[in-house]
Amino acid sequence: MPTITLPDGSTRSFDGATTPYEIAQSISEGLAACAIGARINGELTDVTTPITDDAELKIVTARKGEKKSDPDALMLIRHSCAHVMAEAIQRIHPNAKLVYGPALDTGFYYDILFDDGSPLSSDEFEAIESEMKAIIKEDRPFVKYELPCDEGLQKLTKEGSKFKIDNAERAIQNGSSTLSWYVTGNPNEHWEDLCKGPHVPSTGAIGAFKLQTIASSYWHGDSDSDRLTRVYGIAFVHKKQLKSHLKLLEEAKKRDHRIIGKKLGLFHIDEMVGQGLLLWTPNGAIVRQELQNFIAEQLRRQQYSQVFTPHIGKLDLYRTSGHYPFYQDSQYPPLIDPDQLHALAKDGCSCGDLANMMKDGEIEGYLLKPMNCPHHIRIFANGQHSYRDLPIRLAEFGTVYRWEQSGEISGMTRVRGFTQDDAHIFCTEDQVEGEIIGCLELVNIIFDTLGMHDFTVRIGLRDADSDKYVGDADNWDKAESACRTAAGTLGVPWIEEQGEAAFYGPKIDFIVNDVIGRPWQLGTIQVDYNLPERFNLSYIGKDGNQHRPVMIHRAPFGSMERFIGVLIEHFAGAFPTWLAPEQVRVLAISEKSNDYADTVHQTLLNKDIRASVDKSDERIQAKIRNAAEMKIPWIIVVGPRDAEGNNVSVRMRGILEDLGAVSLDTFADAISAEIKSRGNEPALKTCFPDVKLPEVT
RNA sequence: GCCACCGUAGCUCAGUGGUAGAGCGCACCCUUGGUAAGGGUGAGGUCACGGGUUCAACUCCCGUCGGCGGCUCCA
């Protein structure tokens, strides 16, 4: 007599074993018709999964008209669509070996091995899609059958797919008592796949789908293992959702910083200079400089001391810090001391010998710095420090170089040379918490000013069972609790991850997503017990004895490159006035107004506004369009009418029409105030108090 | 680093085994126009680079470099 509790709290009793489908039917035929799955006691299941005991039940539905579908419904549909796709692919490529095909938040994929020398190409998408459509049209049921593990393994062994055998073995290892298959139709007649499920009741429940891209992956993510072909797709309850999703993706692509960066002339990556080595072009340099000025201002307020250090340092420095040779694979090779190089050449040293010497660290020379900390440490170590001097906060926009894997390099977000908004704080154990809070305050101010509220905070804690960590347990506990307390001051949700700490201390990371939904770690705050030890740092305490300071590494925005890359996408290139490379463009109505346009231009320049003037012989319509395309926040149009009254006619980015005329001085002062206040005193409000900003930019 | 795909004018892209095209941009000319593309003319390309096949390669094959999408990695 199972009693079923529904999400609204109501209960229903049944005489014997039942299923979510039967329960849905008992509620209404309409509900049953759109039921595609269920959650039984929180677990996602088929609609046909038997219920024998009391349970909490949620019926997962997919209705054609709904605007937004239940995430559970999408998971079911996508997972089922992966099956349909696999069946379609195997119809076309009978020898394709299926590996693994899960649903994702963003769609689904299936990993497939084509070992008969006929790799899949996206040219075949159309053919696959039409097979899939046929399967969906047939509306064949997803039928589950189970076998005992040994019997199931026997069956798989007979079929001979090591991938499926592996999947089954993993399932058994994870505690499955049986193995299950899903047949798309009638057992022994139609296509089947080893699968834990759950699935939609029948293929017809897959409302709309599209194959997206073809990529590659490794079996088990192991680069020495089989290379698989991964086909990505997306599926929805109905066509309309698919259409709007595809449109969203298209819009997102337009925000891609690589596209906007080119169009707005923000940066350039040159084949001749090198992969992953970013050239900041004049417009991008302005954005970076403004942002650095802003950060530097905050650092001064927080009593940081700015330092400058060179881009290279002796290998010994990095031997002491441990960066060399531990991280050799991700560093540019050392610059060998010229004298030693000549001597080695004279001795007939081969390239192989040299490579081995480098590997063993037996050479003299310099390293392009992979981190700024060793230099900053040597600044601290130069001289004696009293506890009264602490904390000492050394800040630098320090450029570092790392040999990132060639396949990883992309746009501004993954590069080989980048400038961190770096600082190292040397403090006492008791000061750690306050210093972390200070770092987070800075993060808050800057994210807030930029309107970036969509980020995740992750605290990396140590794994209590591991002995890979340096520093004593008490200090770790203190530092970890300091991270928690500090994170609590941010006012955004944060997650804790055990075992994610660096070996030398706990950390706080900030993660944002780019337009394509890829997560990027921006900044990080890390407590470090290791380097002070390695460099034997000390300060004189109240007791007159030497004590070891604690170090905090913090680069709240990570690198200027990645941060601005993300920022370009955040603003879709439409930077707020204070950051915009070109803040105002003055358009002369005709040649007759060129002189006045020059006057206006000069007035703006005198107020430190980044303005330009367009005196080309285009019509005003074209000039406006050109300026708008460049996402310039303010366009002012000047003609004889304006010249007469010493006015300017104003257009603001984001508002489609002409706002009307305002006096030149009023405008210039208002823009100037907006820039100086970094957007806190909007010029629109000053010049046109009645105009309201549209909600969406 | 690995796999798939791609590389044609400054940009976006079309194209073919017989030495190349469009739109935008650029230059010049006409136009002097009050709020999101006025008109005309012209200049620009060793078709990424290096080999090979061929009577002939931008096109086919191999390699290198670079891009893109993944996988793996990111102190």
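Predicted model only: the values in this text are computed from it and were never measured. Values reported hereafter were calculated over all heavy atoms of this structure, with side chains retained and with hydrogens, waters and symmetry mates removed. Below, read A as the first sequence line, B as the second, and so on, with proteins coming before strands; counting in each chain starts at 1.
Using cut-offs of 30° and 60° for the angle between ring planes, the A:W403 and A:Y332 rings count as perpendicular.
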Self-check item: Structure string for RNA chain B in dot-bracket form, Watson-Crick and G-U at under 3.5 Å, | interchain
Solution: (((.(((..((((....[..)))).(((((.......))))).....(((((..]....)))))))).)))....
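Residue A:D658 places its side chain closer to B:U35 than to any other of B:U32, B:U35, B:A75. Comparing atom distances between the A:Y232 side chain and each of B:C71, B:G34, B:A36 picks out B:C71 as nearest. Closest contact between the side chain of A:S649 and the listed nucleotides B:G69, B:A36, B:G34 involves B:G34. For A:R651, the listed nucleotide lying nearest its side chain is B:A36; candidates were B:A36, B:A75, B:G34. Side-chain atoms of A:R227 lie closest to B:C2 of the nucleotides B:C73, B:G33, B:C2. With distances taken from any side-chain atom of A:D642 to the nucleotides B:G34, B:C74, B:U32, the minimum falls on B:G34.
Judged as a ring pair (Phe, Tyr, Trp, His ring centres under 6.0 Å), and not counting sequence neighbours, the contacts of A:H424 are A:H376, A:H553. Not counting sequence neighbours, A:D617 has no partner by the salt bridge (charged side-chain N to carboxylate O under 4.0 Å, His left out) test. With sequence neighbours left out, the salt bridge (charged side-chain N to carboxylate O under 4.0 Å, His left out) criterion links A:D463 to no other residue. With sequence neighbours excluded, no residue satisfies salt bridge (charged side-chain N to carboxylate O under 4.0 Å, His left out) with A:D658.
Within the nucleic acid shown, A:G221 comes within 4.0 Å of sugar-phosphate atoms alone, with no base atom in reach, counting heavy atoms only.
Not one N or O on the side chain of A:R554 forms a donor-acceptor pair closer than 3.5 Å with the backbone of A:C439. Between the side chain of A:T281 and the backbone N or O of A:L266 there is at least one donor-acceptor pair closer than 3.5 Å.
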Using a 3.5 Å cut-off and no angle test, enumerate the donor-acceptor pairs between side-chain atoms of residues 310-319 of chain A and protein atoms at least two apart in sequence or in another chain.
residue : atom : partner : partner atom : Å
A:H311  : ND1  : A:Y401  : OH           : 3.0
A:D316  : OD1  : A:R319  : NH1          : 3.1
A:R319  : NE   : A:G361  : O            : 3.2
A:R319  : NH2  : A:G361  : O            : 2.5
A:R319  : NH2  : A:I363  : O            : 2.6

If you look only at distance, which donor and acceptor atoms sit under 3.5 Å apart when one is on a side chain in residues 594-601 of chain A and the other is two or more places apart or in another chain?
residue : atom : partner : partner atom : Å
A:Y596  : OH   : A:N647  : N            : 3.1
A:Y596  : OH   : A:N647  : O            : 2.7
A:D598  : OD1  : A:K615  : NZ           : 3.1
A:D598  : OD2  : A:K615  : NZ           : 3.1
A:T599  : OG1  : A:D595  : O            : 3.0
A:H601  : NE2  : A:A611  : O            : 3.0

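For the pair A:L228 and A:Q521, both in contact range of RNA chain B, the more 5′-proximal nearest nucleotide belongs to A:L228. Looking at which nucleotide of RNA chain B each of A:A628 and A:H323 is closest to, the 5′-most match is held by A:A628.
The base of B:G70 lies outside donor-acceptor range of the side chain of A:Y218, with no N or O pair under 3.5 Å. Residue-to-nucleotide contacts include no donor-acceptor pair under 3.5 Å from the side chain of A:S593 to the base of B:U32. With hydrogens and angles ignored, no donor-acceptor pair under 3.5 angstrom links the side chain of A:R416 to the base of B:C74.
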Pairs under 3.5 angstrom, nitrogen or oxygen only, protein versus nucleotides 8-12 of chain B, please.
residue : atom : partner : partner atom : Å
B:U12   : OP1  : A:K262  : NZ           : 3.3

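Because its glycosidic torsion is within 90° of 0, B:G44 is reported here as syn.
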Exercise. Starting at the 5' end of nucleotides 37-48 of chain B, put B wherever the base has a protein heavy atom under 4.0 Å, S where only the sugar-phosphate does, and a dash everywhere else.
Key: BB----------
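Of the residues in residues 400-407 of chain A, those lying under 4.0 Å from RNA chain B by heavy-atom distance are A:R402, A:Q405, A:S406, A:G407. Contacts between residues 496-511 of chain A and RNA chain B, counted as heavy-atom distances below 4.0 Å, involve A:Y504.
Taking the side chain as every heavy atom from C-beta outward, A:I589 and A:V637 approach each other to under 4.5 Å.
Within the structure, a side-chain polar atom (N or O) of A:R258 is placed less than 4.0 Å from OP1 or OP2 of B:G69.
Identified under the salt bridge (charged side-chain N to carboxylate O under 4.0 Å, His left out) test for residues 526-537 of chain A, with sequence neighbours left out: A:E533-A:R548.
Between A:D614 atom CG and B:U35 atom C1' there is a gap of 13 Å when expressed in whole angstrom units.
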